[in-house]
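Along the sequence shown, residues carry numbers from 1.
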Amino acid sequence: MNENNNGTLYLVPTPIGNLEDMTYRAVRILGEVDAIAAEDTRHTGILLKHFDISKPLISYHEHNKEEKGNAIIDMLLDGKNIACVSDAGMPAISDPGADLASKAIAHHISVVPLPGANAALTALIASDLDTKQFTFFGFLPKRGKHRSDALQLMAKQRGTLIFYEAPHRLQEVLQDMYDAFGNRPITIARELTKKFETFLRSDLSSICNDLEKITYKGEFVLVIGGSETGEAIDEVPQQSMSYEEAVAELVDLGLPKKEAIREVAKRFGVSRREVYNIVER
């Protein structure tokens, strides 16, 4: 408990496949907190049983994050210590834990992040692509038009690009990437840390010409070379829109406004402050 008598919110990463990737500290914290907020309480229950941990579980996911988030904040304000976990990997990365952390910070509640397993970085370091500069985009929009528009906005991005994708959308996503980016190096990482972990290192053209070489099962991370690694393609239109229009387009695609401003600043090669001052004036 901190000096203002509030509890502490712990952001606790969980294994992305191999249970041996759970840290000693993560096990200790889960055993010490008053309750655990989990995306899927049944899934987390299996993890807790493996490590012989018995704690109250709070169902906290994308569809109840407002109601349950407020209840968890009340518990923290009452001095309870709460751990937030996702189904796998880092909470708050493509995960409703980000909203809970923001609520806690707004209420001056201490938020303590623990390091641990993360699929994006695990794939990146074995991708054979640039690790000095990279951007994590998470999941693309599900709908084709929105996804294509989002990829067009990323086409000029320098540095390695990292995405998560589901197996049932993978073929059309790869084709959309080739249409937007042209031919670039790509590493497709599947089932990281699990029994059937595989890395397919190739390029978008080769992959799209032989989509049957991929096993469409499990969880995927796509690691793609940035704009400086690809062949120029005429199909990528030059953007002539204003900062306001570019931010509005990304917000329409589902990005929070703060992230949209950050991405537009990267795209135009200017500071976030410059974009912010124009968009918010």
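Salt-bridge check for R147 with E172: passed, with a basic side-chain N closer than 4.0 Å to an acidic carboxylate O. Using a cut-off of 4.0 Å between Lys/Arg side-chain N and Asp/Glu carboxylate O, D130 and K132 are scored as salt-bridged.
With E165 contributing its side chain and V173 its backbone, the two residues share no donor-acceptor pair below 3.5 Å. Checked by atom type and distance alone, the side chain of R190 pairs as donor or acceptor with a backbone atom of K217 at under 3.5 Å. Panel note: side chain T187, backbone S127; a donor-acceptor pair is recorded below 3.5 Å. In this structure a side-chain-to-backbone donor-acceptor pair under 3.5 Å is present from E197 to T193. Using a distance-only test at 3.5 Å, with no hydrogens or angles considered, no donor-acceptor pair links the side chain of D149 to the main chain of H146. The closest donor-acceptor contact from the side chain of H61 to the backbone of H63 lies under 3.5 Å. A donor-acceptor pair under 3.5 Å is formed between the side chain of R201 and the backbone N or O of A126. Within the 3.5 Å criterion, the main-chain N or O of L121 finds a donor-acceptor partner in the side chain of N118.
For the pair N70/K103, a side-chain contact is recorded, criterion being any heavy-atom separation below 4.5 Å from C-beta on. Counting heavy atoms from C-beta outward, T135 and I162 have side chains that stay 4.5 Å or more apart. The shortest side-chain heavy-atom distance between L170 and I214 falls under the 4.5 Å cut-off. Counting heavy atoms from C-beta outward, S205 and Y178 have side chains that approach closer than 4.5 Å. Between T160 and I224 the shortest side-chain heavy-atom distance does not fall below 4.5 Å. Between E32 and I29, the closest side-chain pair of non-hydrogen atoms falls below 4.5 Å.
For D128, the CG atom sits in a loose shell: 12 or fewer heavy atoms of surrounding residues, nucleotides or ligands are nearer than 6.0 Å. Counting heavy-atom neighbours within 6.0 Å of K213 NZ, excluding the residue itself, gives a total above 12. Counting heavy atoms of neighbouring residues, nucleotides and ligands inside a 6.0 Å radius, atom CD of Q171 exceeds 12 of them. Counted within 6.0 Å of CZ on R169, heavy atoms from surrounding residues, nucleotides or ligands total more than 12; the atom is thus considered enclosed.
Taking CD1 of I207 as the reference point, atom CG of N183 lies at 10.5 Å (rounded to 0.5 Å). A distance of 9.5 Å separates NE2 of H108 from CG of N6, quoted to the nearest 0.5 Å. To the nearest 0.5 Å, the span separating CZ on F196 from CD on E191 amounts to 9.0 Å. To the nearest 0.5 Å, the span separating OG1 on T215 from CD on E212 amounts to 10.0 Å. In this structure, the separation between CD on Q152 and CZ on F181 is 8.5 Å, given to the nearest 0.5 Å.
Remark: K65 engages E62, D99 in a side chain to side chain donor-acceptor pair (under 3.5 Å) (not counting sequence neighbours).
A centroid separation of 6.0 Å or more is found between the aromatic rings of Y164 and F137.
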Contacts under 3.5 angstrom, residues 48-58 side chains, donor-acceptor by atom type, not counting sequence neighbours:
from : atom 1 : to  : atom 2 : distance (Å)
K55  : NZ     : G31 : O      : 3.2
K55  : NZ     : V33 : O      : 3.0

Show me, pair by pair, the donor-acceptor contacts under 3.5 angstrom made by side chains of residues 82-91, not counting sequence neighbours?
from : atom 1 : to  : atom 2 : distance (Å)
S86  : OG     : A88 : N      : 3.4
S86  : OG     : A88 : O      : 3.0
S86  : OG     : G89 : O      : 3.3
D87  : OD1    : D40 : N      : 3.3

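When all heavy atoms of E39 and P96 are compared, the closest pair comes out as OE2-CD, 4.0 Å.
In the model, N209 has no side-chain atom that pairs as donor or acceptor with a side-chain atom of S206 under 3.5 Å.
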